[in-house]
Every structure is written in structure tokens, then in C-alpha cells.
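These numbers come from the heavy atoms of this one structure, side chains and all, not from hydrogens, waters or symmetry mates. What you are looking at is a predicted structure, and each value in this text was computed from that prediction instead of being measured.
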Amino acid sequence: DKGKVEKAEALLDRAEAVYVEPVAVAPTVEKTTRLDSGGTVSTKKDIEVVLPETPEDIRALCAAIGSGSVPYTAVNFSKAVLKAFAKMNNLSGRHYGCTFKEVSTTVIR
């Protein structure tokens with residue numbers, strides 16, 4: 001529009017010469033294969049979880065839960081185990097984020 005046709009053509013030639021690296025796409029695997037006999041064969045990808053076994057691994061997982069990297073819902077707390085722990089260590093009050101309190105019940109027969 002400004003009359004610089006030669007410069008515009010040179011810029012267009014330069015723009016066309018820009019090398020765009022090709023994008024490699026992983027081949028897709030067919031999930032279900034039909035057999036001649038009428039049956040099918042399917043494949044499914046999943047993740048296996050191996051729970052921590054050593055104290056160091058357990059501490060690492062607990063630290064990740066504490067920092068918010070792993071959701072706290074990944075842990076199931078057992079009241080029976082915590083109750084036995086509290087009885088064994090004579091705990092009452094607030095310890096380790098739990099509240100241990102002595103409860104007495106009366107049974108009449």
C-alpha cells in the first residue's frame with residue numbers, strides 16, 4: 001500500500017523460506033481388534049500403585065501429603081489402630097493431629 005513493492009516481495013520470499021520443524025506424532029494403537037471368528041481383543045492401559053514399604057518411603061509419602069502435593073484422601077485412617085496406640089502409650093488430649101479422650105460407658109444387664 002505504501003509503494004514499497006520490492007521490499008514487500010523480499011519479505012514474502014523470506015517468510016516462505018522459514019523452516020518449520022515437523023511434529024512427530026506417536027502412532028495410535030487400535031484399542032479393539034476384531035477377529036475373523038467374530039470375537040474381539042481389547043487392550044487397556046492402567047497404572048499399578050505399589051504402596052510404600054520402608055519407613056523412609058512412608059515418611060516421604062506423608063511429607064508429600066502434608067505439603068499438599070498428594071491429596072490427603074489417599075490415606076485411610078484406622079480408628080481401631082489409633083485407639084490401640086493411644087491405650088498402649090497412655091495418651092489423652094491432642095497428639096499428632098488427633099484428639100484422644102477417655103470415655104466411660106455404663107452397661108446394665
Side-chain angles (χ1 to χ4, degrees):
D1 290 343
K2 294 182 180 179
K4 298 181 181 179
V5 177
E6 291 177 14
K7 186 175 182 180
E9 287 177 1
L11 289 173
L12 284 173
D13 290 339
R14 190 172 168 196
E16 289 173 359
V18 172
Y19 174 73
V20 177
E21 192 168 330
V23 177
V25 177
T28 58
V29 177
E30 194 174 316
K31 292 183 179 180
T32 303
T33 304
R34 303 223 180 265
L35 302 176
D36 293 336
S37 63
T40 59
V41 176
S42 312
T43 57
K44 177 180 129 182
K45 289 188 176 184
D46 202 359
I47 295 176
E48 178 184 359
V49 176
V50 178
L51 295 175
E53 297 173 352
T54 65
E56 293 83 16
D57 291 342
I58 293 169
R59 278 191 217 100
L61 180 58
C62 289
I65 291 169
S67 70
S69 300
V70 175
Y72 70 89
T73 53
V75 178
N76 294 320
F77 295 102
S78 170
K79 284 187 176 182
V81 172
L82 290 169
K83 182 178 180 179
F85 171 74
K87 282 183 176 181
M88 192 170 48
N89 292 291
N90 205 20
L91 294 178
S92 66
R94 190 150 174 84
H95 299 277
Y96 312 111
C98 297
T99 302
F100 301 99
K101 57 185 175 182
E102 189 174 313
V103 178
S104 65
T105 57
T106 306
V107 178
I108 302 173
R109 295 179 193 216

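- R94 and T99 share a side-chain donor-acceptor pair at under 3.5 Å.
- A distance of 6.5 Å separates CG in L91 from OH in Y96, rounded to the nearest 0.5 Å.
- Contact between P52 and D57 at its shortest, heavy atoms only, is CB-CB, 3.5 Å.
- Note that the CZ atom of F100 and the CG atom of N89 stand 9.0 Å from one another [nearest 0.5 Å].
- Put simply, SG on C98 and NZ on K79 are 10.0 Å apart, with the number rounded to the nearest 0.5 Å.
- Side-chain heavy atoms closer than 4.5 Å link hydrophobic residues (I, L, V, M, F, W, Y) into clusters, and following such links, possibly through other members, connects V75 to L61.
- Residue E6 places its CD atom among 12 or fewer non-hydrogen atoms of other residues, nucleotides or ligands, all under 6.0 Å distant.
- F77 contributes atom CZ, which lies 10.0 Å from atom OH of Y72 (distance to the nearest 0.5 angstrom).
- Between T33 and T40 there is no side-chain heavy-atom pair separated by less than 4.5 Å.
- To the nearest 0.5 Å, atom CZ of residue R34 and atom CG of residue D36 are 12.5 Å apart.
- One distance of note links CG of N90 with CD of E102; it measures 9.0 Å at 0.5 Å rounding.
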